[in-house]
Amino acid sequence: MDCMEKVRELRESTGMNRKEFCEFFQIPYRTVTEWERGNRHAPEYVIRLLEYYIRMEQLDIKHDEKKVTDKTIEND
């Protein structure tokens, strides 16, 4: 997966739009836009840090939905 897709996937996993994502992580809007358009590439360490923070702070709503679904299935 390239930088463009990974940044978009991470942002969408939080349920935030681009503006909210940029404000939350204090990354300039134009920077994230350029990453998502493929005009610039985020350093690999930035992507890893974003991914780690999103996971550790439980901002990943897709992951949270899966946990809820898994618990529901277990309880049935």
Side-chain angles (χ1 to χ4, degrees):
M1 181 178 296
D2 65 357
C3 169
M4 178 175 84
E5 294 170 347
K6 188 63 178 176
V7 171
R8 182 175 289 132
E9 177 187 284
L10 288 171
R11 179 179 58 78
E12 290 175 350
S13 76
T14 65
M16 296 181 200
N17 63 35
R18 194 177 293 154
K19 182 180 180 190
E20 294 166 335
F21 187 84
C22 292
E23 288 174 357
F24 185 85
F25 288 103
Q26 298 179 2
I27 302 171
Y29 183 84
R30 183 170 178 157
T31 299
V32 174
T33 300
E34 294 293 309
W35 290 345
E36 288 189 4
R37 289 183 178 165
N39 296 332
R40 291 176 53 193
H41 299 286
E44 182 61 34
Y45 74 90
V46 171
I47 293 174
R48 286 195 316 267
L49 286 170
L50 286 169
E51 191 170 27
Y52 179 80
Y53 187 88
I54 289 167
R55 190 177 310 127
M56 292 298 110
E57 294 299 318
Q58 299 177 348
L59 297 174
D60 187 345
I61 61 170
K62 289 180 182 177
H63 184 256
D64 290 344
E65 288 173 358
K66 182 173 176 5
K67 286 195 302 192
V68 169
T69 303
D70 290 347
K71 287 179 183 174
T72 304
I73 292 170
E74 291 173 4
N75 292 334
D76 287 344

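Worth knowing before you read on, the calculation uses all heavy atoms, side chains too, and leaves out hydrogens, waters and symmetry mates.
Considering all non-hydrogen atoms of both residues, E36 and M4 come closest at O-CG, 2.7 Å. Between F24 and M16, the shortest heavy-atom contact is CG-CE, 3.9 Å. When every heavy atom of A42 is checked against every heavy atom of C3, the shortest pair comes out as N-SG, 3.0 Å.
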- Starting from the C-alpha separation in whole Å, work towards a yes-or-no answer on salt bridge (Lys or Arg N to Asp or Glu O under 4.0 Å) for R8 and E5. CA-CA 5 Å; R8 182 175 289 132; E5 294 170 347; over 6 Å; no

- Applying side chain to side chain contact (heavy atoms under 4.5 Å, CB included), run through L10 and Y53 and close with a yes or a no. CA-CA 10 Å; L10 288 171; Y53 187 88; over 6 Å; no

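In terms of modelled atom types and a separation under 3.5 Å, the side chain of E23 and the main chain of E20 share no donor-acceptor contact.
Criterion: ILVMFWY side-chain heavy atoms under 4.5 Å apart, direct or through other members. Under it, M56 and I47 are not part of a common hydrophobic cluster. Taken together through direct or relayed side-chain contacts under 4.5 Å among Ile, Leu, Val, Met, Phe, Trp and Tyr, I27 and Y29 form parts of separate hydrophobic clusters.
Taking CZ of R30 as the reference point, atom SG of C22 lies at 12.5 Å (rounded to 0.5 Å). A distance of 11.5 Å separates CD in E9 from OG1 in T14, rounded to the nearest 0.5 Å. From N39, atom CG reaches atom OG1 of T31 across 12.0 Å, with rounding to the nearest 0.5 Å.
A 4.5 Å side-chain heavy-atom check between F21 and L50 finds at least one atom pair inside the cut-off. Between F25 and V32, the closest side-chain pair of non-hydrogen atoms is not below 4.5 Å.
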